[in-house]
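My questions all concern the structure below.
First the proteins, then the strands, lettered A, B, ... as listed; each starts at 1. Side chains are part of it too, since the values below use all heavy atoms of this structure and drop only hydrogens, waters and symmetry mates.
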Amino acid sequence: MPTNRPVRVRFAPSPTGELHVGNIRTALFDWAYARHTGGTFIFRIEDTDTERVTDEYIQKAIDTLKWLGMDWDEGPEVGGPNGPYLQSQRLDIYAEWAAKFLAQGDAYHCYCSAEELEAVREAQRKANVAPGYNGHCRSLTPEQVTGYVADGRKPVVRMRMPDGETIFTDLIRGEVKFDHNFVPDFVLVRADGSPLYTLAVAVDDVLMQVTHVLRGEDLLSSTPRQIRVYQAMGVKDDEYPLFAHLPFVMGQDNAKLSKRNGETSISWYREAGYLPEAICNYLALLGWSPGEDRENVTMKELAELFTVERVHSSPARFDMKKLEAINGDKIRALTPEEFFTWSLPFLVNGGVHSGGEGDVALTKAALPIIQERITKLSEIPALLNFLFVKDFAVEAESLAKISDDDSKKILGLAHDRLADLGEWSHAKIEEVLRAALIEELGLKPRIAFGAVRIAVTGSHISPPLFESMELLGKEKSLERIASVR
RNA sequence: GGCCCCGUCGUCUAGCGGCCUAGGACUCUGGCUUCUCAAGCCAGCUACGAGGGUUCGAAUCCCUUCGGGGCUACCA
C-alpha cells in the first residue's frame, strides 16, 4: 500500500452529460481528501467513449468545478507533469500498453462477433450460470486466426483473467473479495482500436501515480479488472492505489439520482440562486459527517476535517429542503458586500434594473432588509422590484383587499399624516403611522399596516414596511398611496 | 438468475459493548415574538428492518432472514 508516498487523488468524470449532483459529491470528496492531506488533486477527463462525450460537456465540467471552488493541481487548463489529462489525447499510450499485454500473453485477440457473444450470454442466462465471456478465443490456433482474418473479422483485445480471486481492502467497506469465476475476461481495446475505460483508468492511475481512488460505488465491481491491469503493467501489489468506494446519492424514489427523480444539473442550482458553498456543504453531509453534531462547514473547514474514515458505506437520499435551509444559512452569513455581489446578477438578469449607479446605491441600501428573509438568491427580484419598477401597479389579488371603505379610510389618513412628515426615516414613518392608525383609529397593526403595505409595495408580502417606504422615498410612497386611497 | 454492496426518526446523521428511557439537523405540528414574509426562541411527533445467538449487559459482535441498491457491454 502506497501509504508513504505523497497523496495523489484524482477526479475523473466521463462527461457524457452535465456533471450531476452525484459526480459533484465525488469530486468534492476527492478534492477535500487531497487538500486535507496536503496532497495533489488531479482532474482528468475520461473521454474514451467518443460516442457520448462532447467538448461542450467537458468545458461545462471544468466550469462547474471552478464555480464550486474546487481547484485542481494537475489537469485541464493548468497542465502538469503527467499530462495530457484528456484521455482522448493519450490514445498512443493505451495502444502501447495493450500491445505489451498482448506480447506478454496477458491479453489476447478475440474475434467473436457481437451476435456470437450475445448468443453465449443468452445460453448462460437460460442455463442459470454466471454470465460472461466463455473464453472462446483464449487459445486460437494460427489457422483459426487466419480464417477469422480472411472472413474480415476485426478483433478486440481481451484481458485474460487467471483463475483465483482478487482481494482488496476498500477504505470504506473493508475487505472485498471477488472470485474470478465471476470476473470474465474483459475487453481492453475495441475492434476499431480505441481503448475502453477499464484499460484507460488503470493505465492512467498508474502513470499519474495516483495513490487513492475515491469514486462511486458503481465502480466497485470493476475493481478486480483494474487490479488485473496493474498486474499486467508490472506494478507491485504494495503499490496499487488504495480504493474507497463512495456511497450513492439517491433521488426521492430510492434510485440513483437522475433527471427523472430530481434536479441534478449544477447549472439549475446556480440559476436558482444556490451558493456554491451551500451546495458543497450540503453535499459533504451526504455520506459524511464531521461528528460532534457539526453541520455547518466552509470549504476550508471541510478540507481540514475531511477523512475517509468518516465516510459512510450506505447511500444517502438527496433532500432539497435541507439544501435550501443550508443555503439560507449561508446567505445570512454573507457580508453585505458579498451579498451584494451575489445579488446583482439576479437583479440585472431578472430585469429589475440595469445596474446603473443609482440602481446599485439603492440596491445596497435595500439588501440588508431582505438578507435574512430569503433562502435562494432567485427570490430577490420579486422582493425588491417595487423599489425600481417604472409603471407601478398593485397586483389584482391584493388590490381587492384594499378596495373597501375601511381601507380607503386608512390610506387616506396615512397619506395626509405622512405628507406632513418632515424627516423621512423609517423610525419617523412608523411613529406617525402608529399614532394615526393604531392609536387614533384603534386598528390592529396587521390590518392597518397591511393596507399601507399593499398600496406601497403592491403585494401583501414585502420586506419590512417602514424601511421599504424610507427606501422608496416620500414622493413615490405618497404617490402610490394616493393612487389607491 | 449470479456476484457484490448496503440497512438508526419521513430525510441527512451521532453512536464504534455499559454515558442510549438513542443525541443533533432538516421537514412537519403547536406556541412565543411580530407591520406581512422570514429570522429567532420554546415545545411536540417519529427510528436502531425482523428473528436467533454471544455477553452480567448490544443500535453497537456473530448467524439467518427480509428489504433496498449496484454490476453482470466492443458504457463509465
- Check whether the ring centres of A:F306 and A:W288 lie less than 6.0 Å apart, and answer yes or no. yes

- Give the nucleotide from the list B:C6, B:A76, B:C74 with an atom nearest to the side chain of A:L117. B:C74

- Task: Indicate, yes or no, whether a donor-acceptor pair under 3.5 Å links the base of B:G24 to the side chain of A:E295.
- Result: yes

- Mind checking the C1' distance from B:G31 to B:G23? Whole angstroms is fine. 24 Å

- Residue whose nearest RNA chain B nucleotide is more 5′ - A:R158 or A:I172: A:I172

- Message: What's the closest nucleotide to the side chain of A:L285 if the choices are B:C12, B:C35, B:C5?
- Response: B:C12

- Task: For the side chain of A:E372, starting at C-beta, report the closest nucleotide among B:U11, B:C35, B:A38.
- Result: B:A38

- Query: Regarding A:R25 and the six-membered ring of A:F29, is the cationic atom NZ or CZ under 6.0 Å from the ring centre and inside 45° of its axis?
  - Reply: yes

- Item | Out of B:C26, B:C35, B:A38, whichever nucleotide has its closest atom nearest the side chain of A:K322 | B:C26

- Spacing of the P atoms in B:C12 and B:U34 (rounded, Å): 38 Å

- Give a yes/no answer on whether the side chain of A:R446 brings an N or O atom under 4.0 Å of OP1 or OP2 in B:U34. no

- Message: Would you say A:S289 places a side-chain N or O within less than 4.0 Å of OP1 or OP2 belonging to B:C12?
- Response: no

- Just to confirm, is there a sub-4.0 Å distance from OP1 or OP2 of B:C75 to any side-chain nitrogen or oxygen of A:R190? yes

- Message: Please confirm whether the shortest side-chain N or O distance from A:R310 to OP1 or OP2 of B:G15 is below 4.0 Å.
- Response: yes

- Item | Side-chain N,O (A:H245) to OP1/OP2 (B:C6) below 4.0 Å | no

- Nearest-angstrom distance, C1' atom, B:A47 to B:A59: 10 Å

- Task: Quick one: label A:V156 by what it contacts on the DNA or RNA (base, sugar-phosphate, nothing), any heavy atom closer than 4.0 Å.
- Result: base

- Task: Answer with base, sugar-phosphate or nothing: what part of the nucleic acid does A:A325 contact at a heavy-atom distance below 4.0 Å?
- Result: sugar-phosphate

- Task: Give one of base, sugar-phosphate or nothing for A:P464, where a contact means two heavy atoms less than 4.0 Å apart.
- Result: base

- Task: Could you work out which one of B:C3, B:C37, B:C71 sits closest to the side chain of A:S221?
- Result: B:C71

- Name the residue closer to the 5' end of RNA chain B, choosing between A:P315 and A:C112 according to the nucleotide with the nearest heavy atom. A:P315

- Checking all strands, does A:S462 fall into the base, sugar-phosphate, or nothing category for heavy-atom contacts under 4.0 angstrom? base

- Query: With sugar-phosphate meaning primed atoms plus P, OP1 and OP2, does A:G328 contact a base, only sugar-phosphate, or nothing at under 4.0 Å between heavy atoms?
  - Reply: nothing

- Message: Categorize A:R52 for me: base, sugar-phosphate, or nothing, with a 4.0 angstrom heavy-atom threshold over every strand shown.
- Response: base

- Item | For B:A22, the Watson-Crick or wobble partner whose two distances fall under 3.5 Å | none

- Task: Identify the nucleotide, in any strand shown, that forms a Watson-Crick or G-U wobble pair with B:G7, with both distances under 3.5 Å; if there is none, say none.
- Result: B:C66

- Given B:C12, B:A38, B:A76, which nucleotide is nearest the side-chain atoms of A:R373? B:A38

- Query: Within this structure, what is the CD1-to-C1' distance between A:I326 and B:U11, rounded to whole angstrom?
  - Reply: 12 Å

- Task: Pick base, sugar-phosphate or nothing for A:K444, based on heavy-atom distances below 4.0 Å to the nucleic acid.
- Result: nothing

- Item | Cation-pi geometry met for A:R44 and A:F11 (6.0 Å, 45°) | no

- Task: Give the nucleotide from the list B:G69, B:G40, B:C12 with an atom nearest to the side chain of A:A316.
- Result: B:C12

- Rounded distance in Å - CD1 (A:I461) to P (B:U34): 20 Å

- Heavy atoms under 4.0 Å, any strand shown: does A:L323 hit a base, just sugar-phosphate, or nothing? nothing

- Identify whether any heavy atom of A:F466 sits under 4.0 Å from a base atom; if not, whether one sits that close to sugar-phosphate; answer base, sugar-phosphate or nothing. base

- Interatomic distance at C1', B:U29 relative to B:C9, whole Å: 15 Å

- Could you check whether A:E46 gets within reach of a base, just the sugar-phosphate, or nothing at all, counting any heavy atom under 4.0 Å? sugar-phosphate

- Distance in angstrom units between A:E324 CD and B:C28 C1', rounded: 15 Å

- Task: Measure the distance from CG on A:L286 to P on B:A14 and round it to the nearest whole Å.
- Result: 12 Å

- Message: Output the rounded distance in Å from CG (A:N327) to P (B:C26).
- Response: 14 Å

- Message: Over all strands shown, is A:T48 touching base, sugar-phosphate only, or nothing at heavy-atom distances under 4.0 angstrom?
- Response: sugar-phosphate

- Message: Partner lookup for B:G2, please. Criteria are Watson-Crick or G-U wobble with both distances under 3.5 angstrom; report none if nothing qualifies.
- Response: B:C71

- Item | Heavy atoms of other groups near A:K428 NZ, more than 12 under 6.0 Å | no

- Message: Does B:C35 have OP1 or OP2 under 4.0 Å away from a side-chain N or O of A:R434?
- Response: yes

- Query: Could you go step by step and tell me if A:R294 and A:L305 meet the side chain to side chain contact (heavy atoms under 4.5 Å, CB included) rule?
  - Reply: CA-CA 11 Å; A:R294 180 94 183 271; A:L305 299 166; 3.4 Å; yes

- Message: Please report the distance separating the C1' of B:C61 from the corresponding atom of B:U27, rounded so that it comes out in whole Å.
- Response: 35 Å

- Query: Which nucleotide in the set B:G24, B:A39, B:A76 lies at the smallest distance from any side-chain heavy atom of A:D293?
  - Reply: B:G24

- Item | is_close_aromatic(A:F101, A:Y108), centroid dist under 6.0 Å | no

- Query: B:G70 P sits how many Å from A:F248 CZ, rounded?
  - Reply: 6 Å

- A:E324 with A:K376: basic N within carboxylate O range, under 4.0 Å: yes

- Message: If I pick the P atom on B:C32 and the same atom on B:G7, what distance separates them, to the nearest angstrom?
- Response: 43 Å

- Message: By nearest atom, which of the nucleotides B:C75, B:C5, B:G2 is closest to the A:V176 side chain?
- Response: B:C5

- Item | Integer-rounded Å distance: B:C4 P and A:R173 CZ | 14 Å

- Task: Scan every strand shown for a Watson-Crick or G-U wobble partner of B:G44, both distances under 3.5 Å, and answer none if you come up empty.
- Result: B:C28

- Using atom P of each nucleotide, how far apart are B:C45 and B:G10 to the nearest Å? 14 Å

- Item | Check: B:C35 base within 3.5 Å donor-acceptor of A:R453 side chain | yes

- Pick base, sugar-phosphate or nothing for A:L220, based on heavy-atom distances below 4.0 Å to the nucleic acid. sugar-phosphate

- Task: Under the side-chain hydrogen bond (donor to acceptor under 3.5 Å, both in side chains) rule, what do A:S313 and A:R173 come out as? Steps first, then yes or no, please.
- Result: CA-CA 6 Å; A:S313 49; A:R173 287 149 216 285; 5.3 Å; no

- Query: Within this structure, what is the CG-to-P distance between A:D204 and B:A76, rounded to whole angstrom?
  - Reply: 13 Å

- Query: Taking the six-membered ring of A:Y133, is the NZ or CZ of A:R158 close enough (under 6.0 Å from the centre) and on axis enough (within 45°)?
  - Reply: yes

- Message: Rounding to an integer number of angstrom, what distance separates B:C16 and B:A76 when you compare their C1' atoms?
- Response: 35 Å

- Message: Within the 4.0 Å heavy-atom criterion, would you say A:P247 contacts the bases, only the backbone, or no part of the nucleic acid?
- Response: nothing

- A:Q144 CD: over 12 foreign heavy atoms closer than 6.0 Å: yes

